[in-house]
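Working notes for the structure below.
Residue numbers begin at 1 in each chain, while the letters A, B, ... track the order of the sequences.
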2 protein chains.
Amino acid sequence: MADTLIRRMSSADLDFDAALTALLDWESVSNPSVVATVADVLAKVRGEGDAAILEFTRRFDSWEPKAAADLEIPKSRIDAALANINADVRAALETAAERIKTYHQHQRQESWSYREADGTLLGQQITALDRVGLYVPGGKATYPSSVLMNAIPAKVAGVGELIMVSPTPKGFVNDMVLAAAAIAGVDRVFTIGGAQAIAALAYGSETIPKVDKIVGPGNIYVATAKRQVFGSVGLDMIAGPSEILIICDGKTDPDWIAMDLFSQAEHDEDAQSILLSPDANFLNQVEASISRLLPESERADIIRSSMVSRGALVLVNDMDDAIAISNRIAPEHLELSVDDAEQWLPKIRHAGAIFMGRYTPEALGDYCAGPNHVLPTSGTARFSSPLGVYDFQKRSSLIACSAAGASELAKVASVLARGESLQAHARSAEYRILGDCDE
Amino acid sequence: MADTLIRRMSSADLDFDAALTALLDWESVSNPSVVATVADVLAKVRGEGDAAILEFTRRFDSWEPKAAADLEIPKSRIDAALANINADVRAALETAAERIKTYHQHQRQESWSYREADGTLLGQQITALDRVGLYVPGGKATYPSSVLMNAIPAKVAGVGELIMVSPTPKGFVNDMVLAAAAIAGVDRVFTIGGAQAIAALAYGSETIPKVDKIVGPGNIYVATAKRQVFGSVGLDMIAGPSEILIICDGKTDPDWIAMDLFSQAEHDEDAQSILLSPDANFLNQVEASISRLLPESERADIIRSSMVSRGALVLVNDMDDAIAISNRIAPEHLELSVDDAEQWLPKIRHAGAIFMGRYTPEALGDYCAGPNHVLPTSGTARFSSPLGVYDFQKRSSLIACSAAGASELAKVASVLARGESLQAHARSAEYRILGDCDE
């Protein structure tokens, strides 16, 4: 029954193109009742501030904050969390944080300018965002690694104040998440979640500071709320299900490749794990590994469901064929489990992150290699990038014309403005044209 | 009646904060009937391709393309446009294009990587987008400068193919726009517009190539269509009304400042022009200039309407007060019409573009100084940047672990993955831990 676990495909099949399109198909569906509920929550928080936030927190999170001040976790409680967690977990978080910081420091952009011969200065001033909000889901699926990956680039960028929000259903506070916040340098932590937390960050309230940008993953209420506040506040991307594409030459241990596929599939039923190989026998071996390793996996049900509905082992002609398919998919995670993987980099057009060689499974990148694990999903690597320091910096153009430079530019601007029938633009420029007596 | 032309305010007024909030207030309202019409157009184009595009073009643009091939403007017609326009306009477009190109070349980002002591490689590969769509409005308000500002950064980034779409109502083709497209290096031009053009670019059709990102301004149908295709294709920002904030020390010719305010106000009735000065007498002089210069302005009605509804002359205490107000507004255009303007740069937190000195009116930046004129509006400079080469490049993280490096990272990843109950992540990492016999 191994063939029911994961589909087999071949790029030589006549219907391969259509079959691949069907396999990749993913469209997030918006739910009108969720949209309406979220719109109501946003309007109430915007209008009533803390009172509405308290009301929704009592209703949705099943605990009783007495006053708005109870919504903030004091610094002493955060420090206690850092002391509470196991020493090996703390050491691992600190190692990961240090590596993430070192990598992201390479992404910092600096202001630049140049001066032209006539004295005119042109350039761009780079500044960090003043205040950023970080949403961290509460409850079961709570990921301290996500706190590190979202918070550290903001701090490296120089963001003035980093506000974390995370719901505490029934009052449960997650020590590992708080510890990660402490290690990452989060400035303030509030125990709010859902659409009310997004509203609080976007509009501000008596207690919750209004932020300039909101990042971090969340459930459908959070994602819908982010869409609705779009425009008044900056946002990160809204992620689809996570995916991995592995290209293997057939010379990696098939158990390793099977487990690399599982590590993606275990996220949730919609996650996608695809393997491409020119070696049909190797695909058979991986399929056998999948069958053998699956029953002993803790999250076997989720993995099986994801593999059956969205997984595939695909026979390809050769590496060039594999890379062409990869460029079409534009995968979130691309694992090149081949010899001398770096030689293929110039041909890879689109991928969120590229894991090269047999010793670079995605899991290392998810936690501690250094690069960010917040990556473009569902083919959006065609036009977007991993979360990075650049997402927490912004640019202002700089222009300072000398009198002589302005005079020459004004003549050009005047012609173009009049061509566009924008006469006030033309006159504003023409005032700066030097007359005979000026020259 | 001068006081009816533009409101006067003072930052010392008790109600200044509330009055400023009211003055800045801007919220784009979505129109349910437009949303429904656009959804219908998008669905038809997605399902029926060229047939639907032809039908909507006939219906909305009042001309009769016989076949889909008629929707493309041939290269010979584009070259003819370049030959048709006035020599001085062509020279001005070419000068502007050259300066825009030179400036934007400073924005190109290069791939980088570094190797750790154990041989592990980390980095980021930068690539250009494969194909970009540029929307250019048709009809009256047709701006060749907008073609240059949107197309040139894409070409500097190395975008493979740049597709321009622009409606030609009643079959009217604008030679200046085509000439600008030729100068900017646009690859193909199609005579389609509205929501059907956005759908064609987002989904592709038999004739129109599917693109990875769509940029360029448009009317409410275009903006609504862009919102609806969000996620399946990259987008630039959706702009609000244009605005300028001028800070003047009182030593610039008041006619110059009045005309600089007009150059913003003439865009449309919703445009916003605000002047801050610590010199009350100078504000009086500018008000007098406004009264005197307005009647002789070609676009006096639009300017008056914009000035009355959204303009202001504001008395401030001093430069620090002015800059604090500017940082609160986060203006699209900030003009520092003062001595030694550069000294104030470190204090400016948010602005799309900063025009420094009395010889740097916004109009020069709108056309030919070099920096982009597509800038964040409505306070979004708090978290976003001018359109630039970086909007047409994307990044892929690079990770290549050595066997020794993977082994150490895997120990850290294992602890964290088990802490998050993601056991397949842990096992995938643990396979790469070197055993005693490996070391």
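Of the listed residues (Ala91(B), Ala406(B), Ala92(B), Ser428(B)), the one with the most heavy-atom contacts under 4.5 Å to chain A is Ser428(B). Looking only at heavy-atom pairs under 4.5 Å with chain B, the residue among Gln109(A), Glu362(A), His267(A) that has the most is His267(A). Between chain B and the residues Gly405(A), Gly357(A), Gly240(A), Ala351(A), the most heavy-atom pairs under 4.5 angstrom are made by Ala351(A). For the set Ser385(B), Ala363(B), Ala410(B), the count of heavy-atom pairs under 4.5 angstrom toward chain A peaks at Ser385(B). Counting heavy-atom pairs closer than 4.5 Å to chain B, the top residue among Ala96(A), Ala417(A), Gly419(A) is Ala417(A). In terms of non-hydrogen atom pairs under 4.5 Å with chain B, the most contact-rich of Asp88(A), Leu93(A), Thr120(A), Asp255(A) is Asp255(A). Looking only at heavy-atom pairs under 4.5 Å with chain B, the residue among Arg131(A), Lys213(A), Arg358(A) that has the most is Arg358(A). Interface summary for chain A: among Ser297(B), Ala330(B), Gly365(B), Pro371(B), the most heavy-atom pairs under 4.5 angstrom belong to Pro371(B).
Looking at Ser414(A), there are no atoms closer than 4.5 Å to chain B (heavy atoms on both sides), in backbone or side chain. For Val177(B), no part lies under 4.5 angstrom from a heavy atom of chain A. Neither the backbone nor the side chain of Ala341(B) comes within contact range of chain A; no heavy atom of the residue lies under 4.5 Å from a heavy atom of that chain. When heavy atoms are compared at a cutoff of 4.5 Å, Ile85(A) does not approach chain B at all. At a 4.5 Å heavy-atom cutoff, the contact between Asp366(B) and chain A is made by side-chain atoms alone. Using a 4.5 Å cut-off between heavy atoms, Pro144(B) contacts chain A through both its backbone and its side chain. Contact annotation for Glu332(B): neither backbone nor side-chain heavy atoms come within less than 4.5 Å of a heavy atom of chain A. Of the two parts of Ser378(A), neither the backbone nor the side chain holds a non-hydrogen atom closer than 4.5 Å to a non-hydrogen atom of chain B. Residue contact with chain A, scored on non-hydrogen atoms closer than 4.5 Å, is absent for Leu261(B). Contacts of Ala403(A) with chain B are made by both backbone and side-chain atoms, with heavy-atom separations under 4.5 Å.
Between Tyr114(A) and His106(B), the ring planes are parallel. Angles under 30° get that label, and only those over 60° would be called perpendicular. Aromatic ring orientation, Trp256(B) versus Tyr431(A): parallel (interplanar angle below 30°, classes split at 30° and 60°).
Here the side chains of Glu266(B) and Leu422(A) are in contact, with some heavy-atom distance below 4.5 Å.
Under 3.5 Å, the side chains of Asp130(B) and His350(A) contain a donor-acceptor pair of N or O atoms. Residues Glu420(B) and Ser145(A) have side chains that bring a donor and an acceptor to within less than 3.5 angstrom of each other. In this structure, a donor-acceptor pair under 3.5 Å is absent between the side chains of Ser111(A) and Gln124(A). Between the side chains of Ser384(A) and Lys394(B), no donor-acceptor pair is found at a separation under 3.5 Å.
For the pair Arg395(B) and Tyr390(A), the distance from NZ or CZ to the six-membered ring centre is under 6.0 Å and the angle to the ring normal is within 45 degrees.
Atom CZ of Phe383(B) is surrounded by more than 12 heavy atoms from other residues, nucleotides or ligands within 6.0 Å.
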